[in-house]
Every structure is written in C-alpha cells, then in structure tokens.
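Here the structure is laid out as structure tokens; the discussion comes afterwards.
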Amino acid sequence: MDYGNSRFQDDSGVGNLSIINGTDAAVLGYKMEIDAKTGKSFKDKVLCRVFSEDYERTRNKILDPRGQAIHQWSKIFLAACLVSLFIDPLFFYLLIANDDMCINIGFSLETTLTIIRSVVDVFYVIQIFVRFHTAYVAPSSRVFGRGELVIDSSKIALRYLQKAFWMDVIAALPLPQILIWLIIPNLRGSIVTDTRTVLPFVILFQYFPRLYLIFPLTSQIVEATGVVTETAWAGAAYNLLLYMLASHVSGAIYYLLSVQREIDCWKSVCKVENCQNGYFDCHSVQDPARVAWLNSSNVTNICNPSNSFYEWGIYINSLQAGATSSAFPNKYFYGLWWGLQQLSSVGQNLNTSTYVGEIIFTIIISTQGLVLLALLIGNMQRYLQATTMRLEEWRVRRNDTEQWMHHRQLPPELRDSIRKYDQYKWLATRGVDEEAILQGLPMDLRREIKRHLCFDLVRKVPLFDQMDETMLDAICERLKPALCTKGLFLVREGDPVNQMLFIIRGHLDSYTTDGGRTGFFNSCRIGPGDFCGEELLTWALDPRPSVTLPSSTRTVKAITEVEAFALMADDLKFVASQFRRLHSKQLKHKFRFYSHQWRTWAACFIQAAWRRHKKLKDCSSERS
C-alpha cells in the first residue's frame, strides 16, 4: 500500500517520495524527481500537506491553526481589537467648543491617543504576519477526521491574498495618525475645519473593517475551544462589555454632532452678519477684526442653548450641560451616559428637529438599541442560567419526585427516605453524572481517571494491599461510585448478591441469623476499608461458577451516610478470569481473615467444637 505517497501529495498531485540515504524524503522536506532528458535529480519543492502528527517537522516555519500558540494569539488579538474599537471613537472628543465662540483641538489628548493607537496598530501588523505563516486545512481532506494541513508557504500566501488580506491591511493602516500629524497641517485651510470634516470620515471608514474582524476571530476561537470565555460569568461580562462599547461609540458620535450643531448655529449668524468662517478657529481669537466682530455681534445671545432661536433638536441637553466645552473626563462620561441611556430606552425620549441627518442618526440609535438590548438580554440570560442550570434541573426533578410520591400515596417514612437520598446525592455529586462523563472519554483516559480517583482508596482495603498494580488498575477501571443514606439496607439476608461494596466513608451494621435459626444472632460493625458482599468473590473464584448469583448470608444496613465503590458481578467475574492470582491460596486466606462471613463461621465452628469437647469431657467424667 503506497500510503506515504497519498499522505504527502498536494492538491495538484505529486510524484512518489524518494528515499535518500535511508531517510524518507518526507522527513527531509523535499521531493526528488528525475528529469527525463538529462537524467539528473533536482529538488522540486517542500511538502505542502501533512497530518497533525507530521506537523512537527515544519513547526519552525509554519504555525498550526489548531495549536496552542494560535489559540493564545487569537485571544490576545481579540483583546487588542476591543481596545482599538474603544480608542478610535475617542478621536471625536478632540474638538473643544470654547466660550470665545471658537473651536480648538486638545493637544494633550491628541498626543495620548496617537501613542495608544500606534501601539494597537502593531498588533494588526503582527496579525498579518501570523496569517502569512499559518497553515490551513485542505478542503479536499475534510471528508473524515481533522483533515490535512496545507503548509506550502506559497499556497498559504495565495489563499490569504485572495480572501482576507486587504481587509487586514485597511484595518492595520495608521490613518488617523497620518491625517493628524502629516496631512492636515500641510493643507491650506484651517486645521480645525479640516480635522472636523475629514477625521470623522476616516475614523468611520476604518472602524467598520476593524469591527468586522471581531466576528471571524470570535468564530475561530469558538471553533478551537468551544467558547470565547471559560466561565459563565466571564461570558456575561463579555456581552455586557460589547453593549457598553456600543454605548461608548454612540456617545462619541453624539458629542461630535453636538459640536457640529453649535458650529452650524455660529455659521448661520455669521452668514447674516457677513463675517468670515475662519473666525471660529481659536488660532484667530486674537485677530483684531474678529475681536471687533465678536463685540458687535449678537451671536452669543442667539446661539445660547437656552434660547429657542435655533433648532437644537436632540443636542440641546448636551449644549445646556456645557459638555462641548468641558474637560475630557466630563464630556466623555456624559457621552457614555447618553449612549447607554438611549440604547437602553431605544431612543424613546429623543425629540428631533427637522434636520434629515439628525433624524437618520436617531433612527440608527433606536434600531441599534432595540437589536443590542435584545441580544444582551438573551445572552446574559443564557450565561447566567448556565451557572444555576444543574440546581434548576435538580429542583425540577425533585418536584417531579414529590408529585409522583403524592400520586402513588407513599407512606411518610418512605417519602422521607427518598428525600434524604436525593439531598445526599446532590451534595455528593452536585447533579453531575460521573459515569456519563467517563463513558464519553477514551479508554486510556478513563483508566487514568479511575486510577486517580480509586487507586489510593482501594489500597486502603486490606484485601487488596498486596496486589500488584496491574490487577488493581483492572479493578479500579470497573469500580462504580455508590451512595447510601442512613437507615438504607444495602443487602438483606437471603437476597441474591449482585455487587461487592468497598466502603470508603461511613459505617454499616452487618448481622445474620444463620438462615433464621432459632436463638442465633451475630452482628458486627463495618467501616472504611471493609467490604461486604464477599459471597460474590467466592462465586467468581469458582472454576465452574453457576449462572445463579449467590445468596447473601448477612443483612447490611447503613447507620450513617455511606460512600463506597461497587464492583458488579460481571466485572468481578471478568477480573477473576483474567488474573489467576486471585485464585492463590494466600489471597484466599487473607480474604477469609477479613471476611465477616468467614469470621462468623469460624466462631460458630469453634463454639461447636468446644461444645462437643465439653460434652465429651462431661461424659467421660460421669463414666469414671
């Protein structure tokens, strides 16, 4: 079977892999071919497709998309994307409306945002580099299993260039920094005017690609790990963070439009008074012509938000509060509060003017609030319910049990026993079905888990302390947890024994009447390290065991809450048939020494022998 050739062929099909000096060409990473004309061999190209187990050969060059490094980087890059989505709207707060009826730019805020934005842009550049060096699963190999990884650099680059490269490039460009520090200062117009008109469009133009990258990145994390966050509370906090981010963006846009509406009012007055629009730049505040115009103009009274001369629309609250002329923390938190309020109320308290742009902005806010609020409530409810899902399932099951007991008219004592057992089982397992979890795991993992849980506990049982690890592993692998509440009978005398119990915690009362013989009663207490159901071991060690299970010679009743491991009849029979050491005389003697059943029989035989001896001695003395 030419398995190796089909395994390392690329999509177009390559020839056979050659063996060079006893080393597989796959290991060397090259495929040798013979030219038909010259008869010379040459290196064709490196391997382009491998399975995950063969990926280690190229790990220094190509990254595994299912590896731990990519998973960690995806989470880091997701955090960087969220920071970027938070930083970009802050550029809208650069404009400041001073009391002198002019617009200025906050230099300190501009510098801070530029530095932070440049640091975040580095992560987008690194993401492009990572994408060029990350393998992908060949579509033709997804018929079964995880598929083959394409590790050919040229194919990876070609696929990336055809799909998501240009979107990543647009998101990685430092457009705001270039615009603020290089382009706008070299323009002929006013710096404030150019910043107010050009910068918002550039920010929004790049914001949507950066927002789009969140969705495939989140899908990649979910596909690799199943969830974005590890815990339900972290998932709820993540969804709340996205909702707050939307409020942050809405508040920043609202602040920018508030400044724009105030400038529109100034321009409308200036148009009537035949002044220059350059007067509204704070760089010309000392211009004598501007000073003269401001002293003679009525713009201060007309553009006062408390007057009804101008239609302020939804921006009147921001202007009356003085948010446009406040310090950065004040205006930021005001904008955040406004965005959160409007998204939560779906924009119901917004009174718009007749401006088309303002109405469109209000419609977007209302629609966005409706969608995001529904998503937030749904996701928060889903994540928070996950924290109490087990408890709610237990409550429902308990209510069903109560209704069933009432319907069947069970006596109060039996109802109390059922309630105690359900309560104890919940406290011990918290509603988790351990056997169902273990059955979904591979056999080797089940063996290791059982060994971790049961090995030391089984060692405490004197019957098993001298057994080798192989036999103990076989026993641990087949043990099942068992719980018992106070007053419950584990087995009654005369009933068939279908399991052997090894006590871990708690105490039980074991007694017998020797089949109901008159005047015979033997009782003992068993606790941690003891076992019961030893009749089953005798049955399993029989070379020709009968189909019928043995009957119990004792009654076992729990006097406290008991935790134990149970070994079923079929499992014990299998272990006895596979490991012949269980048939050794030493183990049989040890078993009889610790068995309460054999101890009772031994005591009975000793007593009977003593009685016979006493009787014979008395008879001998009478004859003499």
Side-chain angles (χ1 to χ4, degrees), residues 62-92 113-137 139 150 156-179 199-230 234-235 237-250 252-253 339 364 368 371-372 375-376 379:
I62 304 299
L63 298 173
D64 185 0
R66 297 169 295 207
Q68 190 64 26
I70 291 296
H71 295 169
Q72 295 295 333
W73 167 249
S74 298
K75 293 182 178 180
I76 295 174
F77 185 61
L78 177 62
C81 290
L82 294 177
V83 173
S84 172
L85 295 177
F86 173 80
I87 292 297
D88 285 358
L90 295 179
F91 283 95
F92 295 160
L113 292 179
T114 301
I115 295 174
I116 299 176
R117 170 63 190 259
S118 300
V119 173
V120 175
D121 289 344
V122 174
F123 287 89
Y124 286 90
V125 176
I126 296 176
Q127 172 68 2
I128 296 176
F129 176 81
V130 170
R131 292 291 299 272
F132 270 118
H133 293 80
T134 303
Y136 66 93
V137 180
V150 177
I156 295 173
L158 181 61
R159 182 175 184 268
Y160 181 45
L161 290 172
Q162 292 176 347
K163 289 192 174 183
F165 172 74
W166 301 109
M167 185 70 70
D168 291 344
V169 169
I170 294 175
L173 291 176
L175 296 181
Q177 300 94 304
I178 295 175
L179 188 67
L199 183 61
F201 291 101
V202 173
I203 293 293
L204 292 177
F205 170 76
Q206 198 175 28
Y207 196 83
F208 289 107
R210 293 195 167 195
L211 180 62
Y212 169 78
L213 290 180
I214 294 289
F215 299 101
L217 186 61
T218 304
S219 301
Q220 178 182 346
I221 296 176
V222 172
E223 183 179 355
T225 61
V227 290
V228 178
T229 56
E230 297 295 335
Y238 176 73
N239 282 272
L240 182 60
L241 177 64
L242 296 180
Y243 188 78
M244 296 294 293
L245 182 62
S247 304
H248 161 69
V249 176
S250 301
I253 297 176
I364 294 174
Q368 182 185 15
V371 175
L372 292 179
L375 290 175
L376 176 66
N379 290 332

Could you give the distance from [atom1] ([X]) to [atom2] ([Y]), rounded to the nearest 0.5 Å?
X    : Y    : atom1 : atom2 : value
I221 : S74  : CD1   : OG    : 5.5 Å
Q220 : K75  : CD    : NZ    : 12.0 Å
S219 : I214 : OG    : CD1   : 11.0 Å
S247 : L240 : OG    : CG    : 9.0 Å
L63  : R131 : CG    : CZ    : 12.0 Å
F92  : L204 : CZ    : CG    : 4.5 Å

Which pair of non-hydrogen atoms, one from [X] and one from [Y], has the smallest distance, and what is that distance?
X    : Y    : result
L213 : A171 : CD1-CB, 3.7 Å
I156 : I62  : CD1-CG2, 3.9 Å
L173 : R117 : O-NH2, 3.4 Å
T134 : I70  : OG1-CD1, 3.8 Å
P176 : Q206 : CD-OE1, 3.6 Å
W166 : L161 : NE1-O, 3.7 Å

Open item on the list: If the condition is ring-ring contact (aromatic ring centres under 6.0 Å, His included), which residues does F132 pass it with, not counting sequence neighbours?
Closed with: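 Only Y160, F165 meet the ring-ring contact (aromatic ring centres under 6.0 Å, His included) criterion with F132.
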
Output yes when a side-chain donor or acceptor of [X] lies under 3.5 Å from a complementary backbone atom of [Y], and no otherwise.
X    : Y    : value
Y124 : V169 : no
S84  : A80  : no
H248 : P89  : no

- [ ] Show the numbers, then the answer: is there a side chain to side chain contact (heavy atoms under 4.5 Å, CB included) between I76 and F123?
- [x] CA-CA 9 Å; I76 295 174; F123 287 89; 4.0 Å; yes

- [ ] Would you indicate whether the side-chain heavy atoms of V249 and Y207 approach each other to under 4.5 Å?
- [x]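 Yes, at least one pair of side-chain atoms sits under 4.5 Å.
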
Open item on the list: Holding to side-chain contact (heavy atoms from CB on, under 4.5 Å), I want the full list of residues that pass it with L375, two or more places apart in sequence or in another chain.
Closed with: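 In terms of side-chain contact (heavy atoms from CB on, under 4.5 Å), with neighbours along the sequence ignored, L375 is linked to V371, N379.
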
Task: Test: R210 and D121 ion pair at under 4.0 Å - done: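 Between D121 and R210 there is a salt bridge, with a charged N closer than 4.0 Å to a carboxylate O.
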
- [ ] Identify which one of I203, I170, D88, V202 satisfies the side-chain contact (heavy atoms from CB on, under 4.5 Å) criterion when paired with L175.
- [x]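 Running side-chain contact (heavy atoms from CB on, under 4.5 Å) over I203, I170, D88, V202 with L175 returns exactly one hit, V202.
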
Open item on the list: Does atom OH (Y238) have a neighbourhood of more than 12 heavy atoms from anything else shown, all under 6.0 Å?
Closed with: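 Yes, because the 6.0 Å sphere around OH of Y238 holds more than 12 heavy atoms from other groups.
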
- [ ] Measure up the H133 and F129 rings against each other and bin them: parallel (under 30°), tilted (30 to 60°), perpendicular (over 60°).
- [x]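 Taking F129 first and then H133, their aromatic rings sit tilted (interplane angle of 30° to 60°).
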
